[in-house]
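Below, each value reflects all heavy atoms present in this structure, side chains not excepted, and no hydrogens, waters or symmetry copies.
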Amino acid sequence: MKKIKYIIIGAVILLTASCKKFLEEEPTNFITPESSLSSVKVARAFANACYQNLQGAMLGGQPSSYGGNTWNLMEFMTGKSNSDLGQTNFTLFQNLSYNATSFYVDTWWQNLYKGIGACNQAIEQIPGINAPGLTDEAKTNLLAEAHTLRAFYYFFLVRMYGAVPNVTKVPRSVDGLNLPRTPAKAIYDSIIIPDLLLAEQSTLGWNNTTGYVSMSVVKSILADVYLTYAGAAINGGDAAYTESAKRSKEVIDNGGYTLFPEYKNMIDPANKNKGEFIFQVQYAASVPSTNPLTPLTIPNYSGISKYSDEYGSVYPTPQFIASFPAGDKRVQERQFFYSSYPSAKSPGTVVTFKGPYIYKWFDSVAVVNTVKSDLNYTLYRLADVYLMYAEASNRAEGAPNSNAIAYVNAIRQRAKLAPIGALSQDAFEKEVWLQRYFELCFENKMWFDMLRTRKVHNDVTGNWDDFIGHTTVFNATFTEKQLLFPVPKQETDVNPNLLPNNPGF
């Protein structure tokens, strides 16, 4: 039994090094049963393992789907995107006919729980590691990283599936695997929020330019969690809005982050983990697992890149593009979108696409030369935090304060839009929601905003429709069924305690 335990630990350590180092360094040896597990490196390795599934969960590929990626799911669901690839099964999500065996649904579940398992392992093992140089403070901070990431994985699970199994310990037997589902609110109250509050008491540095969890990351996730908790389906109310506003304001006030002056700064690999970026999934061009969103969002068979596969996996609907206000810089050429690019096959000619495609992950070096994107994938950036503060403080205080208005205007100013003035609580809230749609589009934020606000911006009418009853441009209508994804059938097949499934499935 002990030997098996060490083998498992060795596998974990071999898969990880540091957020950056595990991408760039090759392991040189194995941990054997005789190896000492009492070292600073081992403690660090347990914490590093918690990061390993960020790539798989956020941008995990579908082995049976050409051009499929977990990221696609939340963009297909909004009704504001299309795809060039039938192999991605995007039509199942456009016409809302997906089920418990559909692509993506199971991949999200598996990778999120793999991440939770690594976090549980770190939380159990790190306290018992005694080594020269490993202080109690260092242990506390490593545990803070693990708790933060466990909360983050669970945050996705409850928003996607609602009630999910409460797994906070490493299973010691097969019997410990078939757990029932725990209501989402209980997961928030017993895991997500306590984990983040515990991490908040650590002495983690304010920011970290290598990609590790920092105190600003903890507070940004807390701001998001409380904002979501305040809305549907938990309906935590004003107290949660107040807590959200408090955390986002701390991120803003403590400094270390600034809005990039130009949108192109977001697709410059030199800016990874700095500037506007608070927390990112780490990628490096020097290793095989480069950011997949660069080829995924190149127009299909356009011939503008060195990639053998140009997927056109996700691109915006014309109605969404048309919903941006006149003069908005974000829809100008090669800002958030692009509609033409020089041909890689016929020098001197320009390929014009059938419509705008996503430019947010256009790594020019990878496209024209290396086919290895060096861009990170952003989970939180300052613009997101500005808008979280604006929305939460407006709700908590009953009206927008001067800071909230200033933060929205900073985002509008970068987009070359005129500033807003005094607005009612309702009008300001809708302005914030709209800016979240425009600013954070195709960053896997919009679907979750729709769920917590129970509102959808109608790109054709300009109105805010109720979520239930909203009809997309693909003539599909959201019902209660769309509030949660189904628990994957492959999970319910092996664990009947997960049944009944969510409504409609």
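With sequence neighbours excluded, no residue forms a side-chain hydrogen bond (donor to acceptor under 3.5 Å, both in side chains) with K372. Shown here are the ring pair (Phe, Tyr, Trp, His ring centres under 6.0 Å) partners of F448, two or more places apart in sequence or in another chain: F156. Residues satisfying the salt bridge (Lys or Arg N to Asp or Glu O under 4.0 Å) criterion with K80, sequence neighbours excluded, are D459. Partners of N53 by side chain to side chain contact (heavy atoms under 4.5 Å, CB included), not counting sequence neighbours, listed by chain and number: N111, K114, Y153.
Applying the salt bridge (Lys or Arg N to Asp or Glu O under 4.0 Å) rule to pairs touching residues 96-112 yields nothing, sequence neighbours excluded. Legend: side chain to side chain donor-acceptor pair (under 3.5 Å) pairs involving residues 319-328, not counting sequence neighbours, sorted by first then second residue: D328-R330.
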(request) Just do the side chain to side chain donor-acceptor pair (under 3.5 Å) check on T352 and S340 with the steps written out, would you? (result) CA-CA 4 Å; T352 300; S340 66; 5.1 Å; no

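Looking only at distances, no side-chain donor or acceptor of N497 sits under 3.5 Å from a matching main-chain atom of L179. Formation of a donor-acceptor pair under 3.5 Å by the N166 side chain with backbone atoms of T182 is not found in this model. In this structure a side-chain-to-backbone donor-acceptor pair under 3.5 Å is missing from Q413 to A418.
Under the 4.0 Å criterion applied to side-chain N and carboxylate O atoms, E276 and R414 are assigned as salt-bridge partners.
With a 6.0 Å cutoff to the six-membered ring centre and a 45° limit on the axis angle, K489 does not count as a cation-pi contact of F505.
Close placement of the Y104 and F93 rings is indicated, their centers lying within 6.0 Å of each other. Residues F336 and Y263 place their aromatic rings such that the two centres sit under 6.0 Å apart.
A donor-acceptor contact closer than 3.5 angstrom is absent between the side chains of E75 and T78.
The residue from R381, K329, K445 that alone fulfils the salt bridge (charged side-chain N to carboxylate O under 4.0 Å, His left out) condition with E439 is R381.
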